[in-house]
Amino acid sequence: MTTADIKSSVGDAMNFATDKLQASLSFLKDAKDAGTEKINGFVNDILGLAPLIEVTGFNMKDVSVDAGIPPGMSISFIKEKDVDAETINQLLEENKDKEMLKLIVRALLKADTLQKGMNLSHYKFSGLSMKIGLPPDISLKFVRAAEN
């Protein structure tokens with residue numbers, strides 16, 4: 001093999017590697033752009049559910065968007081009032097096509113039941129945070145009660 005053949009082979013390999021790198025970067029950019037659109041749509045869908053969620057007695061306080069891989073969203077809720085089961089069941093029945101609403105409401109109800117069962121004498125329930133992503137997560141928040 002001559003020096004010219006080696007130079008040609010190295011040049012071909014470099015061109016191939018450069019083409020592959022450019023294709024990979026282009027793919028990542030396209031995926032990022034598509035991901036941004038999906039995240040925006042997802043966030044808007046969740047925020048659109050806020051008035052329906054308020055029917056359950058919970059109010060969205062803060063929203064945080066995780067734009068990583070995988071993307072996610074964290075929502076802080078404050079419980080403002082107790083709502084009877086019939087009202088919540090009616091809400092879910094009237095919106096049975098909204099899967100995300102069902103998921104959020106069921107998680108809120110489960111967390112509410114959990115906190116009501118806890119006996120934390122010096123702490124009071126102040127709200128909860130829900131992470132919608134992989135994996136989903138719910139954190140209950142308690143604050144120290146004022147001592148008399």
Side-chain angles (χ1 to χ4, degrees), residues 9-148:
S9 294
V10 169
D12 290 345
M14 289 297 291
N15 287 337
F16 178 77
T18 300
D19 290 345
K20 287 294 181 187
L21 179 60
Q22 287 176 341
S24 295
L25 291 174
S26 176
F27 171 78
L28 288 174
K29 182 185 178 306
D30 292 345
K32 181 185 127 254
D33 292 344
T36 300
E37 290 174 19
K38 280 192 164 200
I39 290 171
N40 288 340
F42 178 69
V43 170
N44 289 332
D45 289 347
I46 298 289
L47 294 177
L49 296 175
L52 297 173
I53 292 170
E54 287 178 10
V55 172
T56 68
F58 285 88
N59 190 359
M60 282 188 197
K61 178 181 169 192
D62 298 316
V63 176
S64 173
V65 178
D66 305 325
I69 299 174
M73 181 176 181
S74 297
I75 309 168
S76 294
F77 293 93
I78 297 173
K79 183 168 183 187
E80 295 185 335
K81 63 184 177 185
D82 282 320
V83 175
D84 62 277
E86 184 178 313
T87 300
I88 294 172
N89 289 336
Q90 181 179 352
L91 169 74
L92 293 175
E93 181 61 32
E94 290 172 357
N95 295 281
K96 57 185 164 192
D97 60 322
K98 294 180 171 80
E99 289 297 319
M100 188 56 65
L101 177 66
K102 285 194 281 189
L103 175 110
I104 291 171
V105 168
R106 288 191 177 128
L108 289 172
L109 295 176
K110 187 172 234 178
D112 193 42
T113 300
L114 177 64
Q115 71 86 16
K116 284 179 180 177
M118 293 180 176
N119 185 11
L120 303 171
S121 60
H122 298 301
Y123 291 86
K124 118 180 173 181
F125 179 65
S126 66
L128 61 99
S129 290
M130 180 183 304
K131 181 176 181 183
I132 300 172
L134 294 174
D137 183 53
I138 296 178
S139 299
L140 302 175
K141 296 179 183 179
F142 297 88
V143 293
R144 188 161 185 98
E147 296 183 31
N148 296 336

Step by step, would you call M73 with I75 a side-chain contact (heavy atoms from CB on, under 4.5 Å)? CA-CA 7 Å; M73 181 176 181; I75 309 168; 4.2 Å; yes

Just wondering, do F142 and Q115 contact through their side chains at under 4.5 Å, heavy atoms? yes

Side-chain heavy atoms of V65 within contact of F42, under 4.5 Å: no

Throw together a table of side-chain donor-acceptor distances under 3.5 angstrom for residues 81-89, partners on residues two or more places apart or in other chains.
unit_1: D82; atom_1: OD1; unit_2: K79; atom_2: NZ; d: 2.3
unit_1: D82; atom_1: OD1; unit_2: K116; atom_2: NZ; d: 3.3
unit_1: D84; atom_1: OD1; unit_2: T87; atom_2: OG1; d: 2.9
unit_1: D84; atom_1: OD2; unit_2: E86; atom_2: N; d: 3.3
unit_1: D84; atom_1: OD2; unit_2: T87; atom_2: N; d: 3.0
unit_1: D84; atom_1: OD2; unit_2: T87; atom_2: OG1; d: 3.1
unit_1: N89; atom_1: ND2; unit_2: A85; atom_2: O; d: 3.3

Which value, rounded to the nearest 0.5 Å, describes the distance between L109 atom CG and L114 atom CG? 12.5 Å

Atom pairs and distances, donor-acceptor, side-chain atoms in residues 124-133, under 3.5 Å, two or more places apart:
unit_1: S126; atom_1: OG; unit_2: K141; atom_2: O; d: 3.2
unit_1: S129; atom_1: OG; unit_2: S76; atom_2: OG; d: 3.3
unit_1: S129; atom_1: OG; unit_2: K141; atom_2: NZ; d: 3.0

side-chain contact (heavy atoms from CB on, under 4.5 Å) evaluation trace for V105 with F58: CA-CA 9 Å; V105 168; F58 285 88; over 6 Å; no

When every non-hydrogen atom of E99 is compared with those of K96, the smallest separation belongs to OE2-O, 4.0 Å

Which residue in the set D45, N40, L47, I46 passes side chain to side chain contact (heavy atoms under 4.5 Å, CB included) when paired with V43? L47

Does NZ in K110 sit with more than 12 non-hydrogen atoms of other residues, nucleotides or ligands closer than 6.0 Å? no

Scan for side chain to side chain donor-acceptor pair (under 3.5 Å) pairs involving residues 46-65, sequence neighbours excluded, and state none if there are none. N59-E80

Inter-residue atom distance I53.CD1 - I104.CD1, 0.5 Å rounding: 4.0 Å

Report the residue from V55, L52, L49 that forms a side chain to side chain contact (heavy atoms under 4.5 Å, CB included) with N95. L52

Starting from the C-alpha separation in whole Å, work towards a yes-or-no answer on side-chain contact (heavy atoms from CB on, under 4.5 Å) for F77 and L108. CA-CA 9 Å; F77 293 93; L108 289 172; 3.7 Å; yes

